[in-house]
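Taking it in order: structure first as C-alpha cells, then the write-up.
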Amino acid sequence: MVYLVRRTANSVLLLLLTVSFVFVAGRMIGDPALNMLGPGATDVALEKLRRAAGLNDPLWQQYIRYVANLLQGDFGVSYRFGFSVLPSEDLDSLGQPVIDIVLERLPATFLLAAVAMGIAVPSGILMGVVAAAKPRSLADRVVTVVALAGVSVVQFWLGLMLIVFFSVQLGWLPTGGYGGLEHAILPALTLAARPIGRIAQIARSAMLDEMSKPYIVTARAKGAHEWRVVFLHALKNAAVPIITMIGDELSALLTGAILVEKIFAWPGIGLLIIDSLTRSDLPLIQASIAVVAALVVLVNLLVDLSYRIVNPRIKLGTEN
C-alpha cells in the first residue's frame, strides 16, 4: 500500500512537470493570443482573447489558473481547429473545447495501439521462446536476424513499402484512412515492427537465463514434456522483464505513432498533434500532450503493479 501511494505520487509529479514544461514552452515561443488566433486576427480580437484568457496577468498567476483548470478537466478552447476562416472579434461563437476534440481522437489511437500490440506481443514472445528453446540453432539465428531488423527498420520507410506492396501492387488493403480492421492492418504492422524485435530479444534473454537454472533441470529429470517446461515453468518466471518491455513499447507506441498516423492519414491523437502544431493551436497542443503524458504515466504505473500479480514473491518497493 505504501509503495502504491508513493508510486502514484511520483506519477502525478511527473505529469505535473510535463504539463508545466508545455505551459512554459507555449509562452516562450511567442504571443499566445497571436498563436491561437493566427496572423490574420484583428487587434480587437487579440485584446479580447488576452482579457478573456487572463494573458495580461503575471505569468505565475496564469500558471496557477492553468493548473487549477487542468484539475477540473478544463483545457481551454480552440479558436482555430475546424475553421477555414480565421475568427475576428466574435470569439464566443467560435471557441471549441479542446478536450472534446482530443477525446474524439482517442478511440482511433486506442484501436491502432491495440491491433499493433496484439500483433507484437504474441509474435515477440513466441519468437523469443523458440529461440531460447533451441539456442544456436537455425531458428535462433533467424529470430535474431528478424528481431534486429525490426528494431532497426525506419518506420517511415516501412510504412511506405507496405503501402506500395499491399495497396498499390496487390490491391489487398487500403492505402490509409479510418474504417474497419482492414484500414488498421498496415499502420499496425508498421508500428509493431519495433516492439516485435524488442520483445523477442528480451524474451530470448530472459528465457535463456531461466532455462539454465536448477529447477528446469529438475523438471526435465522428472520427465516433464519439454514444451511444458518451457511455457509453464520458464516463461512464467521470465515474465517480469518481458512485461516491463511490453509496457515500455506500449508507452513508446503511444508517443511515437505521430509519424505513422500521418503516413496513413489515421485520425488519432498523433495526427491531431501535427495538425495543432501546424495551426499553432496552443490550447490543443497543451491538451494533446497532457493526455498522452497521462496515458504513458498510467501504463507505467499499471506495469509496476502487475509485477506482484505475475510473481507474488516480488515485494514492491523492496526488491531493489
Side-chain angles (χ1 to χ4, degrees), residues 112-155 157-158 162 185 188-257 296 299-316 318-320:
L112 185 57
V115 176
M117 295 306 291
I119 296 172
V121 172
S123 301
I125 292 177
L126 182 60
M127 287 168 57
V129 169
V130 169
K134 298 181 179 179
R136 294 180 295 277
S137 65
L138 177 61
D140 186 18
R141 294 188 179 93
V142 170
V143 168
T144 300
V145 172
V146 172
L148 183 60
V151 172
S152 305
V153 70
V154 179
Q155 286 184 336
W157 177 85
L158 177 60
L162 291 177
I185 292 178
L189 286 174
T190 304
L191 283 174
R194 172 186 165 89
I196 288 176
R198 293 290 304 279
I199 293 171
Q201 289 175 337
I202 291 297
R204 178 185 182 277
S205 177
M207 286 293 294
L208 285 174
D209 183 58
E210 290 296 326
M211 296 289 284
S212 63
K213 292 184 177 179
Y215 75 91
I216 296 294
V217 178
T218 302
R220 286 170 170 166
K222 291 181 177 180
H225 192 278
E226 182 65 17
W227 289 110
R228 181 180 179 86
V229 172
V230 170
F231 284 98
L232 295 185
H233 296 285
L235 183 58
K236 179 180 179 181
N237 290 298
V240 170
I242 296 175
I243 291 176
T244 301
M245 180 54 61
I246 292 173
D248 289 344
E249 289 303 315
L250 180 56
S251 299
L253 189 150
L254 291 173
T255 58
V296 171
V299 168
N300 291 331
L301 180 60
L302 293 176
V303 168
D304 283 354
L305 297 179
S306 69
Y307 294 156
R308 187 66 186 274
I309 298 175
V310 173
N311 193 342
R313 292 175 298 175
I314 293 178
K315 302 297 182 182
L316 296 178
T318 61
E319 64 270 25
N320 293 327

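Since the model is a prediction, treat every value here as computed from it, not as a measurement. Numbers here are sequence positions counted from 1.
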If you look at every heavy atom in [X] and [Y], which pair is closest and at what distance?
X: M127; Y: V146; result: CE-CG1, 3.6 Å
X: M117; Y: P122; result: O-CD, 3.9 Å
X: A120; Y: P195; result: CB-CB, 3.6 Å
X: N300; Y: S251; result: OD1-OG, 3.3 Å
X: G247; Y: V299; result: O-CG1, 3.7 Å
X: A203; Y: G124; result: CB-O, 4.3 Å

Nearest-0.5 Å distance, [atom1] of residue [X] to [atom2] of residue [Y]:
X: L162; Y: L189; atom1: CG; atom2: CG; result: 6.0 Å
X: L250; Y: I243; atom1: CG; atom2: CD1; result: 13.0 Å
X: E249; Y: I196; atom1: CD; atom2: CD1; result: 10.5 Å

Any side-chain heavy atom of [X] sitting closer than 4.5 Å to one from [Y]?
X: L191; Y: Q155; result: yes
X: I242; Y: L235; result: yes
X: I246; Y: I199; result: yes

Any donor and acceptor pair, going by atom type alone, linking the side chain of R204 with main-chain N or O of V129 inside 3.5 Å?
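Absent.
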Determine yes or no for a side-chain-to-main-chain donor-acceptor pair under 3.5 angstrom, with T144 supplying the side chain and D140 the backbone.
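Looks like yes, one N/O pair under 3.5 Å.
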